Amino acid sequence: MIRENLKMVEERIDDACKRANRGRDEVTLIAVSKTKPVSMLREAYEAGIRDFGENKVQELTDKMPQLPGDVRWHMIGHLQRNKVKYVVGRAALIHSVDSLRLAEEISREAIKKGVTADILVEVNIAAEESKFGTAEEEAADLVRAMAKLPAICVKGLMTIAPYTENPEDNRYYFHRLKQLSVDIERENVDNVSMDVLSMGMTGDYTIAIEEGATFVRVGTGIFGVRDNQ
Ligand SMILES: *Cc1c(COP(=O)(O)O)cnc(C)c1O
(Lines give C-alpha, C1' and ligand atoms only; values in the text may rest on other atoms or scores of the structure.)
Protein backbone atom coordinates (compact mmCIF):
# COMPACT_ATOMS: atom_id res chain seq x y z
CA MET A 1 0.00 0.00 0.00
CA ILE A 2 2.73 2.46 0.96
CA ARG A 3 4.60 1.91 -2.29
CA GLU A 4 1.46 2.62 -4.34
CA ASN A 5 0.58 5.65 -2.24
CA LEU A 6 4.08 7.02 -2.68
CA LYS A 7 3.90 6.52 -6.40
CA MET A 8 0.71 8.55 -6.55
CA VAL A 9 2.11 11.30 -4.32
CA GLU A 10 5.25 11.42 -6.49
CA GLU A 11 3.14 11.79 -9.63
CA ARG A 12 1.16 14.62 -8.12
CA ILE A 13 4.37 16.35 -7.02
CA ASP A 14 5.79 15.98 -10.54
CA ASP A 15 2.64 17.46 -12.07
CA ALA A 16 2.58 20.37 -9.63
CA CYS A 17 6.25 21.14 -10.36
CA LYS A 18 5.53 21.12 -14.09
CA ARG A 19 2.53 23.42 -13.69
CA ALA A 20 4.67 25.83 -11.69
CA ASN A 21 7.70 25.57 -14.02
CA ARG A 22 9.79 24.31 -11.14
CA GLY A 23 12.38 21.56 -11.15
CA ARG A 24 11.42 18.40 -9.31
CA ASP A 25 14.66 18.73 -7.34
CA GLU A 26 13.40 21.97 -5.77
CA VAL A 27 10.85 20.07 -3.69
CA THR A 28 11.58 17.51 -0.97
CA LEU A 29 8.88 15.14 0.22
CA ILE A 30 8.84 14.57 3.97
CA ALA A 31 6.96 11.41 4.95
CA VAL A 32 5.13 12.30 8.17
CA SER A 33 5.20 9.05 10.11
CA LYS A 34 3.75 10.10 13.49
CA THR A 35 1.76 7.35 15.24
CA LYS A 36 2.83 4.81 12.58
CA PRO A 37 4.91 1.71 13.38
CA VAL A 38 8.55 1.41 12.36
CA SER A 39 7.64 -1.40 9.93
CA MET A 40 5.74 1.15 7.84
CA LEU A 41 8.64 3.59 7.94
CA ARG A 42 10.92 0.81 6.69
CA GLU A 43 8.57 0.20 3.80
CA ALA A 44 8.72 3.87 2.88
CA TYR A 45 12.50 3.79 3.24
CA GLU A 46 12.70 0.80 0.89
CA ALA A 47 10.61 2.78 -1.59
CA GLY A 48 13.19 5.58 -1.52
CA ILE A 49 12.07 7.96 1.25
CA ARG A 50 14.95 9.51 3.20
CA ASP A 51 13.12 12.36 4.97
CA PHE A 52 10.77 11.54 7.83
CA GLY A 53 8.76 13.94 9.97
CA GLU A 54 7.65 13.38 13.55
CA ASN A 55 5.79 15.71 15.89
CA LYS A 56 6.73 14.23 19.26
CA VAL A 57 10.25 14.15 20.68
CA GLN A 58 9.82 10.77 22.38
CA GLU A 59 8.56 9.11 19.20
CA LEU A 60 11.30 10.71 17.12
CA THR A 61 14.08 9.48 19.41
CA ASP A 62 12.51 6.01 19.69
CA LYS A 63 12.28 5.52 15.94
CA MET A 64 15.60 7.12 15.01
CA PRO A 65 17.91 4.21 15.94
CA GLN A 66 15.59 1.74 14.24
CA LEU A 67 16.12 3.15 10.77
CA PRO A 68 19.31 3.45 8.69
CA GLY A 69 21.68 6.32 9.44
CA ASP A 70 21.10 8.16 6.17
CA VAL A 71 17.57 9.16 7.18
CA ARG A 72 17.01 12.86 7.79
CA TRP A 73 14.64 13.37 10.69
CA HIS A 74 12.46 16.46 10.79
CA MET A 75 10.98 17.77 14.01
CA ILE A 76 7.69 19.26 12.88
CA GLY A 77 5.67 19.40 16.11
CA HIS A 78 5.52 21.89 18.94
CA LEU A 79 8.77 21.69 20.92
CA GLN A 80 9.04 22.32 24.64
CA ARG A 81 12.22 23.87 25.93
CA ASN A 82 12.93 21.02 28.34
CA LYS A 83 13.01 18.58 25.39
CA VAL A 84 15.36 20.59 23.20
CA LYS A 85 18.35 18.56 24.38
CA TYR A 86 16.96 15.38 22.80
CA VAL A 87 16.52 16.98 19.40
CA VAL A 88 19.55 19.19 18.82
CA GLY A 89 22.32 17.32 17.05
CA ARG A 90 19.88 14.61 15.96
CA ALA A 91 17.11 16.19 13.93
CA ALA A 92 18.29 17.49 10.55
CA LEU A 93 15.89 20.40 10.78
CA ILE A 94 13.58 21.78 13.47
CA HIS A 95 10.54 23.22 11.67
CA SER A 96 8.58 24.49 14.63
CA VAL A 97 10.54 27.29 16.31
CA ASP A 98 8.15 30.05 17.23
CA SER A 99 9.72 32.01 20.09
CA LEU A 100 13.02 33.60 20.96
CA ARG A 101 13.14 31.70 24.25
CA LEU A 102 12.94 28.40 22.42
CA ALA A 103 15.61 29.52 19.93
CA GLU A 104 17.85 30.54 22.85
CA GLU A 105 17.53 27.10 24.37
CA ILE A 106 18.35 25.48 21.02
CA SER A 107 21.37 27.75 20.70
CA ARG A 108 22.64 26.87 24.19
CA GLU A 109 22.26 23.17 23.50
CA ALA A 110 23.94 23.41 20.09
CA ILE A 111 26.94 25.19 21.65
CA LYS A 112 27.16 22.49 24.30
CA LYS A 113 27.17 19.77 21.64
CA GLY A 114 29.49 21.65 19.27
CA VAL A 115 26.99 21.64 16.39
CA THR A 116 25.00 24.15 14.39
CA ALA A 117 21.24 23.72 14.60
CA ASP A 118 19.24 24.40 11.44
CA ILE A 119 15.82 25.80 12.22
CA LEU A 120 12.70 27.18 10.56
CA VAL A 121 10.48 29.83 12.05
CA GLU A 122 6.89 28.65 12.33
CA VAL A 123 4.40 31.31 11.26
CA ASN A 124 0.70 31.20 12.11
CA ILE A 125 -0.12 32.66 8.73
CA ALA A 126 -3.91 32.43 9.04
CA ALA A 127 -3.84 33.80 12.63
CA GLU A 128 -5.76 30.79 13.95
CA GLU A 129 -6.23 30.80 17.69
CA SER A 130 -5.71 27.04 17.97
CA LYS A 131 -2.31 27.09 16.29
CA PHE A 132 1.25 27.63 17.41
CA GLY A 133 3.52 29.91 15.43
CA THR A 134 4.53 33.53 15.46
CA ALA A 135 2.23 36.20 14.06
CA GLU A 136 2.99 37.21 10.50
CA GLU A 137 3.72 40.80 11.61
CA GLU A 138 6.27 39.61 14.15
CA ALA A 139 8.10 37.06 12.01
CA ALA A 140 10.75 39.38 10.55
CA ASP A 141 11.73 40.79 13.98
CA LEU A 142 11.89 37.30 15.41
CA VAL A 143 14.12 36.10 12.57
CA ARG A 144 16.46 39.06 13.11
CA ALA A 145 16.68 38.33 16.85
CA MET A 146 17.29 34.61 16.30
CA ALA A 147 19.99 35.33 13.73
CA LYS A 148 22.12 36.90 16.46
CA LEU A 149 22.22 33.71 18.49
CA PRO A 150 25.33 31.56 18.12
CA ALA A 151 25.23 28.01 16.72
CA ILE A 152 21.84 28.51 15.09
CA CYS A 153 21.07 28.90 11.40
CA VAL A 154 17.65 30.15 10.27
CA LYS A 155 16.92 28.37 6.99
CA GLY A 156 13.41 29.57 6.25
CA LEU A 157 9.77 29.50 7.27
CA MET A 158 7.16 26.87 8.06
CA THR A 159 3.40 27.03 8.36
CA ILE A 160 0.44 24.76 9.02
CA ALA A 161 -2.40 26.05 6.88
CA PRO A 162 -6.01 25.86 8.09
CA TYR A 163 -7.97 22.67 7.79
CA THR A 164 -10.27 23.01 4.80
CA GLU A 165 -12.44 20.93 2.49
CA ASN A 166 -11.25 22.93 -0.48
CA PRO A 167 -7.44 23.15 -0.75
CA GLU A 168 -7.71 26.13 -3.10
CA ASP A 169 -8.73 28.11 0.00
CA ASN A 170 -5.15 27.78 1.25
CA ARG A 171 -3.46 29.12 -1.87
CA TYR A 172 -3.78 32.62 -0.48
CA TYR A 173 -1.97 31.64 2.76
CA PHE A 174 0.82 29.79 0.94
CA HIS A 175 1.27 32.81 -1.29
CA ARG A 176 1.53 35.06 1.78
CA LEU A 177 4.15 32.87 3.43
CA LYS A 178 6.19 32.89 0.23
CA GLN A 179 5.88 36.67 0.05
CA LEU A 180 6.95 36.99 3.68
CA SER A 181 10.04 34.87 3.01
CA VAL A 182 10.94 37.03 0.01
CA ASP A 183 10.57 40.18 2.11
CA ILE A 184 12.82 38.78 4.83
CA GLU A 185 15.37 37.48 2.33
CA ARG A 186 15.62 40.96 0.89
CA GLU A 187 16.90 42.27 4.23
CA ASN A 188 20.06 40.18 3.81
CA VAL A 189 20.40 39.39 7.50
CA ASP A 190 23.65 37.65 8.42
CA ASN A 191 23.14 34.00 9.25
CA VAL A 192 19.68 33.91 7.66
CA SER A 193 18.66 32.33 4.39
CA MET A 194 15.10 31.91 3.25
CA ASP A 195 15.80 28.91 1.02
CA VAL A 196 13.35 26.64 2.80
CA LEU A 197 9.59 26.97 2.72
CA SER A 198 7.92 24.11 4.60
CA MET A 199 4.23 24.12 3.74
CA GLY A 200 1.56 21.79 2.38
CA MET A 201 0.12 18.57 3.82
CA THR A 202 -1.93 15.71 2.36
CA GLY A 203 -4.92 17.91 1.52
CA ASP A 204 -3.09 20.77 -0.12
CA TYR A 205 0.53 19.97 -0.99
CA THR A 206 0.10 20.41 -4.74
CA ILE A 207 -1.18 23.95 -4.19
CA ALA A 208 1.70 24.62 -1.79
CA ILE A 209 4.20 23.50 -4.46
CA GLU A 210 2.58 25.80 -7.00
CA GLU A 211 3.07 28.63 -4.50
CA GLY A 212 6.73 27.85 -3.77
CA ALA A 213 7.00 25.11 -1.12
CA THR A 214 10.42 23.45 -0.93
CA PHE A 215 9.37 20.90 1.71
CA VAL A 216 5.94 19.28 1.73
CA ARG A 217 4.89 17.25 4.78
CA VAL A 218 2.65 14.36 3.79
CA GLY A 219 1.35 11.84 6.32
CA THR A 220 -2.10 10.43 5.55
CA GLY A 221 -1.46 10.42 1.80
CA ILE A 222 1.44 7.99 2.31
CA PHE A 223 0.66 5.98 5.45
CA GLY A 224 -3.15 6.13 5.53
CA VAL A 225 -5.38 7.65 8.19
CA ARG A 226 -4.19 7.82 11.78
CA ASP A 227 -6.23 6.25 14.58
CA ASN A 228 -5.61 9.19 16.84
CA GLN A 229 -3.04 11.91 17.25
C1 LIG B 1 0.52 15.50 11.00
C2 LIG B 1 1.24 16.63 10.36
C3 LIG B 1 1.40 16.70 8.96
C4 LIG B 1 0.84 15.67 8.00
O5 LIG B 1 -0.55 15.73 7.94
P6 LIG B 1 -1.38 14.89 6.86
O7 LIG B 1 -2.63 15.68 6.69
O8 LIG B 1 -1.62 13.54 7.44
O9 LIG B 1 -0.58 14.84 5.63
C10 LIG B 1 2.12 17.77 8.44
N11 LIG B 1 2.65 18.71 9.23
C12 LIG B 1 2.52 18.70 10.58
C13 LIG B 1 3.13 19.77 11.38
C14 LIG B 1 1.80 17.66 11.17
O15 LIG B 1 1.67 17.66 12.51
Side-chain angles (χ1 to χ4, degrees), residues 1-18 22-79 83-97 106 110 113 115-120 122 153 155-156 158-161 195-209 213-229:
M1 178 194 82
I2 289 172
R3 200 170 274 272
E4 288 86 77
N5 287 349
L6 270 171
K7 200 162 161 252
M8 200 159 75
V9 171
E10 277 296 341
E11 276 170 24
R12 295 187 67 203
I13 292 175
D14 275 347
D15 289 346
C17 285
K18 286 201 186 91
R22 301 181 63 198
R24 174 62 188 86
D25 58 355
E26 291 175 46
V27 180
T28 300
L29 170 62
I30 298 176
V32 176
S33 46
K34 63 191 186 198
T35 79
K36 298 297 179 183
V38 166
S39 58
M40 290 181 90
L41 278 71
R42 289 214 182 94
E43 241 182 287
Y45 182 91
E46 292 299 325
I49 290 291
R50 291 297 176 272
D51 292 86
F52 287 90
E54 291 284 343
N55 68 336
K56 295 210 168 75
V57 171
Q58 180 76 52
E59 202 176 337
L60 183 88
T61 53
D62 281 352
K63 286 174 173 172
M64 202 173 272
Q66 301 185 63
L67 266 95
D70 61 343
V71 166
R72 289 175 294 271
W73 294 91
H74 297 262
M75 177 58 195
I76 61 173
H78 182 63
L79 181 58
K83 304 235 170 106
V84 159
K85 55 179 175 290
Y86 305 113
V87 174
V88 169
R90 303 172 100 177
L93 186 61
I94 305 172
H95 291 231
S96 42
V97 185
I106 294 171
K113 295 208 168 95
V115 297
T116 300
D118 288 343
I119 65 167
L120 303 181
E122 179 172 355
C153 199
K155 294 287 187 187
M158 177 272 218
T159 200
I160 303 174
D195 296 340
V196 175
L197 217 48
S198 171
M199 58 186 193
M201 309 180 9
T202 294
D204 54 21
Y205 64 92
T206 60
I207 312 270
I209 291 169
T214 68
F215 279 113
V216 290
R217 311 178 307 264
V218 179
T220 313
I222 296 172
F223 297 108
V225 291
R226 291 176 292 273
D227 294 338
N228 53 27
Q229 46 180 331

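As the structure is a prediction and not an experimental result, all values here were calculated from the model.
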I'd like to check [X] versus [Y] (side-chain heavy atoms, cut-off strictly below 4.5 Å). Are they in contact?
X      : Y      : answer
Leu29  : Val218 : yes
Arg22  : Thr214 : yes
Phe223 : Thr35  : no
Ile209 : Arg12  : no
Leu79  : Val57  : yes
Val216 : Val9   : no
Leu120 : Leu93  : yes
Ser96  : Glu122 : yes

In Å, rounded to the nearest 0.5 Å, how long is the span from [atom1] of [X] to [atom2] of [Y]?
X      : Y      : atom1 : atom2 : answer
Asp195 : Phe215 : CG    : CZ    : 10.5 Å
Leu41  : Ile49  : CG    : CD1   : 10.0 Å
Glu54  : Met64  : CD    : CE    : 9.0 Å
Arg3   : Glu46  : CZ    : CD    : 7.5 Å
Lys36  : Ile2   : NZ    : CD1   : 8.5 Å
Met75  : Glu59  : CE    : CD    : 10.0 Å

Any idea which heavy atoms bring [X] and [Y] closest together, and the distance?
X      : Y      : answer
Ala47  : Leu6   : CB-CD1, 3.7 Å
Ser33  : Lys63  : O-NZ, 2.9 Å
Ala213 : Val27  : O-CG2, 3.7 Å
Arg226 : Thr220 : NH1-OG1, 3.7 Å
Tyr45  : Arg50  : O-NH1, 2.9 Å
Gly23  : Cys17  : O-SG, 4.0 Å

Taking the side chain from Gln66 and the backbone from Asp62, do they hold a donor-acceptor pair closer than 3.5 Å?
yes
Ser198 and Arg217: side-chain donor and acceptor closer than 3.5 Å?
yes
Taking the cut-offs as 6.0 angstrom to the six-membered ring centre and 45 degrees off its axis, would you call Arg72 and Phe52 a cation-pi pair?
no
So with a 6.0 Å cut-off around NZ of Lys113, is the heavy-atom count from everything else above 12?
yes
